[in-house]
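In what follows, a structure is listed as structure tokens, so that the remarks can point back to it.
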Amino acid sequence: MTKRLIGIVMFLPVLFLTGMLRVNAQPVKPIYLDESRPIEERVSNALSLMTREEKVALCHAQSKFSSKGVARLGIPEVWMSDGPHGVREEILWDSWSEAKWTNDSCTAFPALTCLAASWNPEMSAIYGKAVGEEARYRNKTVLLGPGVNIYRTPLNGRNFEYMGEDPYLSSRMVVPYIQELQKNGVAACVKHYALNNQEIWRGHIDVQVSDRALREIYLPAFKAAITEGKAWSIMGSYNQFRGEHCCHNDLLLNKILKGEWKFDGAVITDWGGAHNTMQAAMNGLDIEMGTGTDGMTRSITNAYDNYYLALPFLDELKKGSVPESVLNDKASRVLRLIFRTTMNSKRPYGSFATPEHAQVARKVAEEGIVLLKNDDNLLPLDASKLKSIAVIGENATRPMTIGGGSSNLKTHSEISPLQSLKGKFGNKITYAMGYASGPSAYGRELPSKLNADTLRAEAIRNAKKADVVIFVGGLNKNHFQDCEGGDRKTYNLPFGQDQLLNEILKVNSNVVVLLISGNAVAMPWVGHVPAIVQAWYLGSEAGNAIASVLTGEVNPSGKLPFSFPVKLTDCGANSFDKLCYPGDSIKEVYKEDILVGYRWYDTKNITPLFPFGFGMSYTNFVLSKPLTDKKIYTKGETVKLTFVVQNTGKVAGAEVAQVYITQKNAPVLRPAKELKGFKKVFLKAGETQTASISFKVKDMAYYDDKTSNWVVDAGEYELSLGTSSRDIKFMAPIQVK
Ligand code: GLC
């Protein structure tokens, strides 16, 4: 017996060592699946298990909106979806056509111009959280937004998707959106990096701009998105910059984005933005999407293998003309994107098309609407005093969540202005279309079949009988309007709106003009219209937000995120020649350089129709003389401006205090003023609040393109405290030692 026992005891370790005897031994989990390990260990472990072909497969599309994971290792695919204003409906595998699902009708949030117009980073945070929850619920890895290209000309078809003309406002408003979006385990993809400031020839126009303008105007919002927002992906733009396509541009991607800004995420092309294998390999591109290559994508067989970063890339690796380290860097960035999103099992589950999201859409819309004019306090409209209200204009009923290009949305609901106004005023409302623009169509402008004279006559009849007219006009998401793929052809309102307005004003002077648009427009009738409201593409809750503001339920507090010039040629980009805008079809030179928007108007003493940062309220505010915490600052210090804001009116409201800086006797050209801080202050009727705005002295720097350094000259500076770029209440001189 003992011999047998001894034998078994002797044999046990052998069993154990050979793994035959699993004494409650856990199966060894590979490191890349072990969420207790640091993400970089997981990435390098996954990389070490992958073949070269599997790594290359991570770097290009497998379908219209997805790229491969590593099926063999259980690493999921990357699913991308537009757009900045809400989650686009599902698209078919290999075409731009909708999949016609019945479970993807989303919440349409306001366009980002509206978000910017709120001048309230808290709105950006709730927006990013809500749209992130919807993208998470729809199981998207990447949401293709937000866009922060600078508003350079009112003709750009996609201004409505961006955050205006000022790099500081765009920077402050883009960061919370990204931070809150990504807390849902969905990657933001800030776009379009960079210098995509028009739609004409967007696929190839070669932008020439100075280092100063690049650094001071066009890059700051992207830099903030990456270094503060920590965006996990970024989209290269279609155009070229200094002769290289931005989707594989060595200066923008390798030197600035990945070098200076230490971006560790994935660079994704705009759809069809890659044009060359060696550049795509060596100049910092990580995922190639939407390429036409040699037209193979018209067939569905192996088109994706013909992508520049597919078989051609594999060939270059095999030949050794591209080092393996380049492939490993790309694959690591894609893996990092995946581990931060779909392979983070702790990420929330999201939510979709909820009342809470509708409330966020409405709140952002209400805070973004801008009151531009309100003579004799025609607004807010008081139902008890009005017998009849004539609503005129196609935009009172036209759906605005559709059209516009890739930011197009299939929404579960969209409340039109007319619907909400009827809700408020019942049968006091009459409606006439007044003008017609034709059906919304991406890629072409379709004229309306309706007779303009008949429409106009009906509108005039209604206007004659009404106590007040609400004209709901503006632009729409048709091609050559606010729409991707083309720029506007005129600065004026289209479809005969100016003429119609003039006819209405002949029969009724109580006209409220409500503009629904994402761009500035000419207003030849501005002197004859007592009230003007700039509403944006406001999404699912558009009508409710508009009606709340027009009836005074909500006191408007929006401020313009871009200037409205009187005429197009007042605008810097449009005041030079064709080469300056839209370019000569090959090249474009940004001749206005750093003087974009109010930087142009204020430096050139051109009075805008409505200035940057302008917006009225139904109440009044008074600002006190500001105090700076010091008179003389060193370059490493922070300036703190303190002031008092008082609501001297009868209703609660919010004012946006803005601080601009001016360098006196600068050795280089500097704009008349530059925004360096703002604060939105909410006050009850009669309430007084002390507020302060701080900014770093180093943020007063200009970029010296001779030394490629940011410079803060010692000397005199002037701080301007105001409520628009033109409405400066106080100046405060400071010195930098
Ligand atoms: C479009 C747009 C880009 C969009 C992408 C996918 O061309 O430029 O903003 O995200 O392609 O639709």
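When a ligand or atom number is given, it counts from 1 through the structure's own listing order. Excluded from the calculations below are hydrogen atoms, water molecules and symmetry mates; all remaining heavy atoms, backbone and side chain alike, are included.
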- request: Answer yes or no for Arg488 and Phe480: cation-pi contact, defined as NZ/CZ to six-membered ring centre under 6.0 Å and angle to ring axis within 45°.
  value: no

- prompt: Only one of Asp250, Asp264, Asp286 forms a salt bridge (Lys or Arg N to Asp or Glu O under 4.0 Å) with Lys258, so which one is it?
  reply: Asp286

statement: The complete set of salt bridge (Lys or Arg N to Asp or Glu O under 4.0 Å) pairs with one or both residues in residues 191-200, sequence neighbours excluded, reads Asp82-Lys191, Glu199-Arg202

message: If only side-chain N and O atoms count, and only distance matters, is there a donor-acceptor pair under 3.5 Å linking Arg152 with Asn149?
response: no

statement: If we number the atoms of ligand 1 from 1 as shown, the ones under 4.0 Å from a heavy atom of Arg202 are 7 (O), 8 (O)

- request: Measure across Gln198 and Asn196 and return the closest heavy-atom pair with its distance rounded to 0.1 Å.
  value: O-ND2, 3.0 Å

statement: ligand 1 to Tyr238, heavy atom cutoff 4.0 Å, flagged ligand atoms 1 (C), 7 (O), 8 (O), 11 (O)

task: Below 4.0 angstrom from a heavy atom of Ser406, which ligand 1 atoms are there? Numbered from 1 as shown, please.
output: 2 (C), 3 (C), 4 (C), 9 (O), 12 (O)

message: Need the ligand 1 atom indices (1-based, order shown) with element for anything under 4.0 Å from a heavy-atom of Leu144.
response: 10 (O)

- prompt: Counting only heavy atoms, which portion of Arg158 has something under 4.0 Å from ligand 1: side chain, backbone, both, or neither?
  reply: side chain

Ligand 1 versus Met80: contacting region, heavy-atom distance under 4.0 Å: neither

statement: Under 4.0 Å from one or more heavy atoms of Phe65, ligand 1 contributes atoms 6 (C), 12 (O)

task: May I ask you to list the atoms of ligand 1 that are less than 4.0 angstrom from any heavy atom of Lys191?
output: 3 (C), 4 (C), 9 (O), 10 (O)

query: Between Trp96 and ligand 1, does any nitrogen or oxygen pair lie at a separation below 3.5 Å?
result: no

- prompt: What residues form a salt bridge (charged side-chain N to carboxylate O under 4.0 Å, His left out) with Arg158, not counting sequence neighbours?
  reply: Glu161, Glu484

field: Heavy-atom closest contact (Asn156 atom, Asn519 atom, distance)
entry: O-ND2, 3.0 Å

- request: Quickly, which of Phe612, Trp536, Tyr162, Phe160 forms a ring pair (Phe, Tyr, Trp, His ring centres under 6.0 Å) with Phe562? Name it, please.
  value: Trp536

Least distance between heavy atoms, Phe263 atom then Trp232 atom: CZ-O, 4.0 Å

field: ligand 1 contact on Met235 by region, counting heavy-atom pairs under 4.0 Å
entry: side chain

Close-contact set for ligand 1 against His192 heavy atoms, below 4.0 Å: 3 (C), 8 (O), 9 (O)

task: Classify the contact between Arg88 and ligand 1 as side chain, backbone, both or neither, using a heavy-atom distance cut-off of under 4.0 Å.
output: side chain

Per-atom contacts, ligand 1 versus Glu484 - under 4.0 Å to a heavy atom: 1 (C), 2 (C), 7 (O), 8 (O)

